[in-house]
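So you know, we letter chains A, B, ... as the sequences are listed, proteins then strands, and number each from 1.
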Amino acid sequence: MTEKYNAAEVEPRWQKVWAERDIYRAHDDSDKPKFFALEMFPYPSGRIHMGHVRNYAMGDVVARYKKAQGFEVLHPMGWDSFGMPAENAAIATGGHPKDWTYNNIDEMRAPMQRLGFALDWSREFATSDVAYYKEQQRIFLKFWEKGLVYRKTAKVNWDPVDNTVLANEQVIDGKGWRSGATVEQRDMDQWFYKITHYAEDLLKGLDGLDRWPEKVRTMQANWIGKSEGLQMRFEWDGGKFEAKFVDTEKTLENRVIPNLAEDKQYYNLAKLWVGGEYPTGVEVFTTRPDTLYGASFLALSPDHPISKRLANDGYDHADHPVKQMHDKSASSIEVETFLKECAKIGTSEEAIAQAPKLGFDTGFRVKHPFIEGATLPVWIANFVLMGYGTGAVFGCPAHDQRDLDFARKYGLPVTAVVLPDGEDAATYEVGTEAYTGEGKLFNSGFLDGMNKNKGIKAATYKITEMGLGESVTNYRLRDWGVSRQRYWGCPIPVIKCGTCGSVPVPEDQLPVELPYDISFETPGNPLDHHPTWKSEGVTCPTCGKAAERETDTLDTFGDSSWYFAAFGGSLSADGMDWDAASKWLPVDQYVGGVEHAVLHLLYARFFTRGLIDCGLLDLSHSNLAPNPIGNEPFAGLFTQGMVTHATYALADEKIDKDKWVLPEDVDENDDGTFVHLPTGRPVLKGDIIKMSKSKKNVVDPDEIIKGYGADVARWFVLSDSPPERDVEWTESGVIGAWRFSKKVWSVVSDTTATDGPMAVASEASGDALELRKLAHRALDKLTTGIEVFRFNTSVAQIYELTNALSKYKGQDAARMEALGILIRAIAPFMPHLAEECWSKVGGEDLVYHAPWPVVDPAMLVDDTITLPLQVNGKRRSELTIPKDMPKDEIEKLALADEAVLRSIGDATVRKVIVVPGRIVNIVAK
RNA sequence: GCGGGCGUGGUGGAAUUGGUAGACACGCAAGACUUAAAAUCUUGUUCCAGUAAUGGAGUGCGGGUUCGAUUCCCGCCGCCCGCACCA
């Protein structure tokens, strides 16, 4: 008699056993090889969603599987708990961000534990824990010491209503996402992490990450954006730059930051203004010096120091009379107006990219380096980016589309210097399309006749020889601005002294703790207008004078850049063990969403390098073996797809946000249309998209656990779709998973054999042997499926094995062997069911502690094989023969096959191809 | 614009050193059990023709290489993702 399986009773019972026996604790001093399984930790929004379930279920499969393979597994969980939503909730509801956050964590921990993940909860922490951010402040100071932290003025998105800096992602169509105010570009003093210091290493490191998705590696490589080229100077024509200024007393505000001096990209700019000296020319970066002869103008970024200097004061274009000494000249006002015009265009990258080209002729001219006597006008152009290269370019309209658009608009000359193959130098002209391909150089003096590459080399050599420039490598990657004018984040451990400048808080005074008594009444950063925190009793650690605290907090992406190490180091109120962290790292398998492909995963790689250089981490060895992948935090990465669900919208509702309805309230009519049951209004089926509260297409994991059990929820999210693709949540799919769990249980409870689940039926024959073969074949495939992250194929094998077992009548060792394989195979997916089955069939100890079943290779080969027979590539018949039959005999049998003969008909056999163990193909014409 | 990926039955998908296309599941249909339903079990299910045996077509489209192509190559079409004036 089949007993009923009651997940609601079974699951909590086993969870209690697991917790009491503390089986998921990872031991630092284990003598087994280590395996660090990690999923991207959650933000405590208050609810877990199906995306979490899928993410952690995948990691759990790996963790449990590796445990069964004999590894010491670390599989921890924590909370990425600093961030804006807590502050927003506090502003909206009047609560406190801290209370909101920690309540949410408690709300989320419980359902997560109900899912039965093999997590070492003893290592749990939240990034908003004082102990965590204290350690982070230490790291900040160590990075500072190492030169990886600096302060500079940078352009930021400023929300004038909320009085805070916004990240780029928080600016939507040029407006603040919360206030709706038009965002301004502002120069502000900001703290930066010098991620560019590792640009080359971060790029090179990608090569070794062969267990990362290619896509993520490509995205990071593009983000780092290495390009090699020539940085060169165009010298002023007709005297010095300064001659154009009425008032040379005034110098531009000193933008030079001392510890930036070694940073090449900024050095050349900074150099221009040191001590008020004026630049002798304009520095540009180019990857196409071969086209220098086609240059027709120079373009400066609106943010270029020269542009700003011109707008700033005293600049007098030769054609304008000076109005009054020390007042703004007419020319400066013109420039200023133009720069404002450029700033208006918007902040989104796309808006900038599609904006029309704007230019302003400064009236300055520079000398062409190769053509004696030739000069080029210097323009300010909105399409030149300050953040890349030197913030200035030479324009070669014939061979660059942007330059061409610009030249056509402002009537600048277009001179072709690269001749495409098959074109005639006498007649070749560039119209509206710039030519960027290969070709022979012409109109180019000493470069004439060379191809592109040769031309680049020759021009670079010449410029270098002339002392005007040198080869440089440029990166698109920019330093990471980490200052946030927010409360709920890690305080930057710095004291600002009027005399000594920015001074680190001494280590023995850490942590700089967040005050609890804050107010969100006034807009802006609560830390800044806290009555006492900023300055009461604060003195400069260096000179002892009264001073002020830095009130900015660190970008929360910093929190997630080293948390994996904190797990390994068992971070607690007493600090953490960095040596232990070093032994656990790198993370062997990391699982998370692809949305972090660049930001989080790049920042974490940067932090790891910084932590190594500061002596905190040493990744040269894991606990037992040398580490082959170098200074990387994540040896294996898997990016999983989302959980999607159908959406339904009222057909007659005009207001977008009001139109979505709950899928369970929708019913399908006989004619295939849909109706909203509570109101009777017509409904249209929308796209199948990621579960989202606002679209009302969410399914609460806790409801599924209550209705079907945790195992079913876990099984479903892993079963149908490949892990990297999205999986659509459907009611029928869940019911299917639920039925399967019952089927497994019925197979187990129908078993009366007593050999135990570790049985090996070595004497099996007949049906028993067939079952053994099927079981081992399934085991082989499903194991591979887990190894290569194709859980859906593992699931299919488990289905096959279960189906075979449910049909198998014998109560013998072969049944037990297959059952033992099945139970251990489903354990990573449905651990509660597996545990219950294991105990039911007399398994020793827990299935969690049972070793992974071993494939018997003898079971994978058959004595007889079935070969398909093809005639002219089409399958006509098949042949069952002993596996070692010689080729010529196979050929003979194939040619005697009735169906084959029929297909050949009157044609003559030209060739017979026999691929042993694979196929026979007969070519007949 | 640049970069990456994908395209297979009614549906999710399987199949890789090139060798039986459609495993497994969902759905659907028929049957068994049942007063009935649910559950469960059995059988069938790529399309077209045929009662069937069988024949033909078939992995987005068009070509190519090959005895043989979902797989490799070339050219299109469509969808998705990332970056986006990077000089």
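- Between A/Ser227 and A/Asn474, the side chains place no donor N or O within less than 3.5 Å of an acceptor N or O (distance only, hydrogens not considered).
- Partners of A/Glu214 under the salt bridge (Lys or Arg N to Asp or Glu O under 4.0 Å) rule, at least two apart in sequence or in another chain, are A/Arg217.
- Partner A/Val282 forms a side chain to side chain contact (heavy atoms under 4.5 Å, CB included) with one of A/Thr390, A/Ile306, A/Leu376 and no other, that one being A/Ile306.
- For A/Glu800, there are no salt bridge (Lys or Arg N to Asp or Glu O under 4.0 Å) partners at least two apart in sequence or on another chain.
- Shown here are the side chain to side chain donor-acceptor pair (under 3.5 Å) partners of A/Thr783, two or more places apart in sequence or in another chain: A/Trp852.
- Taking 90° from 0 as the syn/anti boundary, the base of B/rG4 is oriented anti.
- Summarising the geometry, the separation between CD on A/Glu228 and C1' on B/rC86 is reported as 15 Å, rounded to the nearest angstrom.
- A straight line from CD1 of A/Ile224 to P of B/rG3 spans 18 Å, rounded to a whole angstrom.
- Atom pair A/Asp780:CG and B/rA15:P shows a separation of 14 Å (rounding to whole Å applied).
- In terms of phosphate contacts, A/Tyr388 brings a side-chain nitrogen or oxygen within less than 4.0 Å of OP1 or OP2 of B/rA87.
- Atom C1' of nucleotide B/rA87 and atom NE2 of A/His304 are separated by 13 Å, given to the nearest angstrom.
- Contacts of A/Val284 with the nucleic acid, taken as non-hydrogen atoms under 4.0 Å apart, are absent.
- At a threshold of 4.0 angstrom between heavy atoms, the contacts of A/Arg217 with the nucleic acid are absent.
- When the C1' atom is used for both B/rA23 and B/rU45, the distance is 15 Å, rounded to whole Å.
- Distance noted for atom C1' between B/rA15 and B/rC2: 34 Å (whole Å).
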Take A/Arg288 and A/Lys452 through the test side chain to side chain contact (heavy atoms under 4.5 Å, CB included) and record every step on the way to the result.
CA-CA 8 Å; A/Arg288 293 294 305 274; A/Lys452 184 169 155 182; 3.8 Å; yes
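- Heavy-atom minimum distance, A/Glu341 versus A/Leu358: CG-CD1, 4.0 Å.
- For residues 721-740 of chain A, the pairs satisfying side-chain hydrogen bond (donor to acceptor under 3.5 Å, both in side chains) are A/Tyr708-A/Glu731, with sequence neighbours left out.
- Distance check on atom P: B/rC85 versus B/rA14 gives 37 Å, rounded to whole Å.
- Within residues 285-293 of chain A, the residues having any heavy atom closer than 4.0 Å to RNA chain B are, in order of number, A/Phe285, A/Thr286, A/Thr287, A/Arg288.
- Residue contacts shown for A/Asn792 are limited to sugar-phosphate atoms, with no base heavy atom under 4.0 Å away.
- To the nearest whole angstrom, the two P atoms, one in B/rG22 and one in B/rG9, are 14 Å apart.
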Distances under 3.5 Å between protein N/O atoms and the N/O atoms of nucleotides 7-10 of chain B, please, pair by pair.
none

Secondary structure of RNA chain B in dot-bracket form (Watson-Crick or G-U wobble, distances below 3.5 Å, | marking inter-strand pairs)
(((((((..(((......[....)))((((((.......))))))((((....))))..(((((..]....))))))))))))....
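- Annotation: salt bridge (Lys or Arg N to Asp or Glu O under 4.0 Å) contacts of A/Arg605 (sequence neighbours excluded): A/Glu632.
- If you measure from atom NZ of A/Lys215 to atom C1' of B/rC81, you get 4 Å, rounded to the nearest angstrom.
- For A/Leu385, taking side-chain heavy atoms from C-beta onward, the closest of the listed nucleotides B/rC85, B/rG3, B/rU20 is B/rC85.
- For the P atom pair drawn from B/rC79 and B/rA30, the interatomic distance equals 39 Å after rounding to whole Å.
- Rounded to an integer number of Å, the gap from CH2 of A/Trp223 to P of B/rC83 is 6 Å.
- Using a 4.0 Å cut-off, no side-chain N or O of A/Asn803 falls inside it from OP1 or OP2 of B/rC24.
- With C1' as the reference atom, B/rG1 and B/rA69 are 34 Å apart, rounded to whole Å.
- Between the CG atom of A/Leu404 and the CD atom of A/Gln401 there is a distance of 5.5 Å, given to the nearest 0.5 Å.
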Could you encode protein contacts along nucleotides 44-70 of chain B as a string, one character per nucleotide from 5' to 3', using B for base contact, S for sugar-phosphate-only contact and - for no contact, with a heavy-atom cut-off of under 4.0 Å?
----------SSSS---------BS--
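- The same atom, C1', is picked in B/rC41 and in B/rC33; the two are 8 Å apart, to the nearest Å.
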Going 5' to 3' through nucleotides 36-42 of chain B, assign each nucleotide B (protein heavy atom under 4.0 Å from a base atom), S (under 4.0 Å only from sugar-phosphate atoms) or - (no protein heavy atom that close).
---SSSS
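- Across all non-hydrogen atoms, the minimal contact from A/Leu893 to A/Met885 is CD1-CE, 3.5 Å.
- Comparing B/rG82, B/rU20, B/rA87 against the side chain of A/Phe383 picks out B/rA87 as the nearest.
- Atom-to-atom, CZ of A/Arg402 to P of B/rA84 comes out at 15 Å; the value is rounded to the nearest Å.
- Between the side chains of A/Asn921 and A/Lys911, no donor N or O sits under 3.5 Å from an acceptor N or O.
- Cation-pi geometry between A/Lys357 and A/Phe406 is not met: the NZ or CZ atom fails to fall both under 6.0 Å from the ring centre and inside 45° of the normal.
- For A/Arg211, there are no salt bridge (Lys or Arg N to Asp or Glu O under 4.0 Å) partners at least two apart in sequence or on another chain.
- Nucleotide B/rC83 holds its P atom 13 Å from the NE2 atom of A/His596, rounded to whole Å.
- Nearer the 5' end of RNA chain B, as judged by each residue's closest nucleotide, is the contact made by A/Arg918, out of A/Ser732 and A/Arg918.
- In this structure A/Trp480 satisfies the side chain to side chain donor-acceptor pair (under 3.5 Å) test together with A/Asp555, sequence neighbours excluded.
- Judged by closest nucleotide on RNA chain B, A/Glu800 is the one of A/Val598 and A/Glu800 placed further toward the 5' end.
- Comparing B/rC67 with B/rG62, their C1' atoms are spaced 24 Å from each other, to the whole Å.
- Look at A/Asp687 and A/Lys695 and you find no salt bridge, because none of the NZ, NE, NH1 or NH2 atoms lies under 4.0 Å from a carboxylate O.
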